[in-house]
> 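Attaching a single structure in structure tokens format; questions to follow.
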Amino acid sequence: MTTRRWHVTSGRGTAARVVFGVTAIFALIEAVYILLIVLDANTTNGFYTFIQSLAEPLALFFPGLFATGNYNLDVILNYGLAGVFWLVIGSILARIIGR
């Protein structure tokens, strides 16, 4: 018969995973918004407007950072950089919290 040992941990690891999970969701929202724009989604659709209302504030100061003259490339660069920013910030915060 085997005995199970419950591993007791502090809440720091859980908090670190939650913080990274939230920032990963922010990056996912940015990625979905990029896909909707590049694939020319219907801008009057409710899902599009919902994602847009979330993605634009989460992009912070990145929209308008690059102006290449190609709208799709601008969206990919600006909102993609915002998504990468959220992943980097999430991993840094998770490491700080998890220590």
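Any value given below was found using the heavy atoms of this structure, including those in side chains, with hydrogens, waters and symmetry copies removed.
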> Do Ile37 and Asn72 come close enough that some side-chain heavy atom pair is under 4.5 Å?
yes
> Should Leu60 and Val22 be regarded as members of a common hydrophobic cluster, given that ILVMFWY residues are connected when their side-chain heavy atoms come within less than 4.5 Å of each other, either directly or indirectly?
yes
> Minimum heavy-atom separation for Gly98 to Ala16, with atom names?
N-CB, 4.0 Å
> Distance check, rounded to the nearest 0.5 Å: Ile34 atom CD1 versus Ile51 atom CD1?
12.0 Å
> Please name all residues satisfying side-chain hydrogen bond (donor to acceptor under 3.5 Å, both in side chains) with Glu56, sequence neighbours left out, ordered by chain then number.
Tyr33, Gln52
> Is Ile96 reachable from Val88 through a run of I, L, V, M, F, W or Y residues, each pair having side-chain heavy atoms under 4.5 Å apart?
yes
> Hydrophobic clusters here meaning ILVMFWY residues chained together by side-chain heavy-atom distances under 4.5 Å, can you tell me if Ile76 and Ile29 are in one?
yes
> Calculate, to the nearest 0.5 Å, the distance between atoms CG and CZ belonging to Leu54 and Phe26 respectively.
9.0 Å
> Over all heavy atoms of both residues, which pair between Ala59 and Ala82 is shortest? Give the atoms and the distance, please.
CA-CB, 3.8 Å
> Does Glu30 offer a backbone N or O that forms a donor-acceptor pair with the side chain of Trp86 under 3.5 Å?
no
> Could you please spell out the steps behind the side-chain contact (heavy atoms from CB on, under 4.5 Å) verdict for Leu81 and Phe66?
CA-CA 10 Å; Leu81 190 57; Phe66 293 103; 3.9 Å; yes
> One pair to check against side-chain contact (heavy atoms from CB on, under 4.5 Å): Arg17 and Thr14. What are the steps and the verdict?
CA-CA 5 Å; Arg17 284 190 297 274; Thr14 303; 3.4 Å; yes
> Would you please name every residue forming a side-chain hydrogen bond (donor to acceptor under 3.5 Å, both in side chains) with Tyr79, sequence neighbours left out?
none
> Over all heavy atoms of both residues, which pair between Ala15 and Ile97 is shortest? Give the atoms and the distance, please.
CB-CG2, 3.9 Å
> Is there a path of hydrophobic side-chain contacts, each under 4.5 Å between heavy atoms of I, L, V, M, F, W or Y residues, that connects Leu73 with Leu35?
no
> Side-chain contact test, heavy atoms from C-beta onward, threshold under 4.5 Å: evaluate it for Leu65 versus Leu77 and give yes or no.
no
> Listing request: all ring-ring contact (aromatic ring centres under 6.0 Å, His included) pairs with a residue in residues 41-63, at least two apart in sequence or in separate chains.
Phe62-Phe85
> Indicate, with yes or no, if Ile25 and Leu93 share a hydrophobic cluster defined by side-chain heavy-atom contacts under 4.5 Å among Ile, Leu, Val, Met, Phe, Trp and Tyr.
yes
